[in-house]
Q: 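Sending over a structure as structure tokens; questions will come in a sec.
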Amino acid sequence: GVSIALSPEELIARIMDAEPPEIFLMKDVKKPFTEANVMMSLTNLADKELVHMISWAKKIPGFVELSLFDQVHLLECCWLEVLMLGLMWRSVNHPGKLIFSPDLCLSRDEGSCVQGFVEIFDMLLAATSRFRELKLQREEYACLKAMILLNSNMCLSSSEGGEELQSRSKLLCLLDSVTDALVWAISKTGLSFQQRSTRLAHLLMLLSHIRHLSNKGMDHLHCMKMKKMVPLYDLLLEMLDAHIMHGS
Amino acid sequence: TSLKEKHKILHRLLQNSSSPVDLA
């Protein structure tokens, strides 16, 4: 497979090339912020970002060689984690703020107008400040995001045929390659062997917080949908429904 | 793959060889 043919350096270069462009909301959010217009802006933005995320995933070496079943399920499981890690990366140099897009930055107070959001907001800020303390590098960020995608789903399909088993072994192989790439990226920072192992552990430990945050965010969005606080349509609705369905 | 799966937007964007960004 492609994953084995590429060196860690080449794989990182391909993963970096796959990075989505800056995405703008392109609509003025009315001030003062209200629950309805903040949620509307955030969901509009998420809908746009999701399309770019599918493009991104397709450019991760080896991803399109997985079965379509696996591609769909990986994306359905990880989409909010990927959005949240991107948000943390954009916000890493802006303490106390979340940079949803270049034209939508919210402080904690501004975010608190949405019921139930402040807890998630604080957790996002805390994880972002941890990345800031660790001085997360762009290459490390890109590897972590690819890892989230490839590690998002351990579920087996009900009818495991030859193609599915082959896809599962390709997936594990790809995950190994991305892990090697992350180790390589860390090794460039000039740390001692011991410090590199510690850094790898610190970065990977943050992924469990991101998964937890994504679950919280998913419940919150589901709740907003049920209360008809925000109309959801198209891709975002489909992705939310898929997640809720997998969860149940 | 079930019929329901085949109707997913995600499914369509993944299968099509054009860029999802262009399709959307």
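Keep in mind it's a predicted model, so treat the numbers as computed, not measured.
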Q: Counting only pairs under 3.5 Å, give me each side-chain donor-acceptor contact of residues 141-149 of chain A, with atom names and distances, residues two or more places apart or in other chains.
A:
unit_1: A/Tyr141; atom_1: OH; unit_2: A/Lys145; atom_2: NZ; d: 3.1
unit_1: A/Lys145; atom_1: NZ; unit_2: A/Glu19; atom_2: OE1; d: 3.4
unit_1: A/Lys145; atom_1: NZ; unit_2: A/Glu19; atom_2: OE2; d: 2.8

Q: Of all the heavy-atom pairs spanning B/Ile9 and A/Glu238, show the shortest one and how long it is.
A: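 The pair with the smallest heavy-atom distance is N-OE1, 2.7 Å.
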Q: Name all pairs fulfilling the salt bridge (Lys or Arg N to Asp or Glu O under 4.0 Å) condition that reach into residues 212-228 of chain A, sequence neighbours left out, sorted by first residue then second.
A: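 Applying salt bridge (Lys or Arg N to Asp or Glu O under 4.0 Å) to every pair that reaches into residues 212-228 of chain A, excluding sequence neighbours, yields A/Glu119-A/Lys216, A/Lys225-A/Asp241.
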Q: I need the minimum non-hydrogen distance between A/Lys58 and B/Leu13, along with the two atoms involved.
A: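 Answer, listing the atom of A/Lys58 first, then B/Leu13: NZ-O, 2.9 Å.
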Q: Please state whether the side chain, the backbone, both or neither of A/Met239 comes within less than 4.5 Å of a heavy atom of chain B.
A: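 Side chain of A/Met239 only, per the 4.5 Å heavy-atom cut-off to chain B.
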Q: Check B/Pro20 against A/Val51 and note the closest heavy-atom contact, atom names and distance.
A: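 Scanning both residues, the minimum pair turns out to be O-CG1, 3.3 Å.
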Q: Take atom CE of A/Met16 as the centre, draw a 6.0 Å sphere, and report whether it contains more than 12 heavy atoms from other residues, nucleotides or ligands.
A: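 Yes, the 6.0 Å shell around CE holds more than 12 heavy atoms from other groups.
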Q: Distance check, rounded to the nearest 0.5 Å: A/Ile54 atom CD1 versus B/Asn16 atom CG?
A: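 Those atoms lie 11.5 Å apart.
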Q: Minimum heavy-atom separation for A/Leu235 and B/Leu10, please, with both atom names.
A: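 So the minimum-distance heavy-atom pair works out to CD1-N, 4.1 Å.
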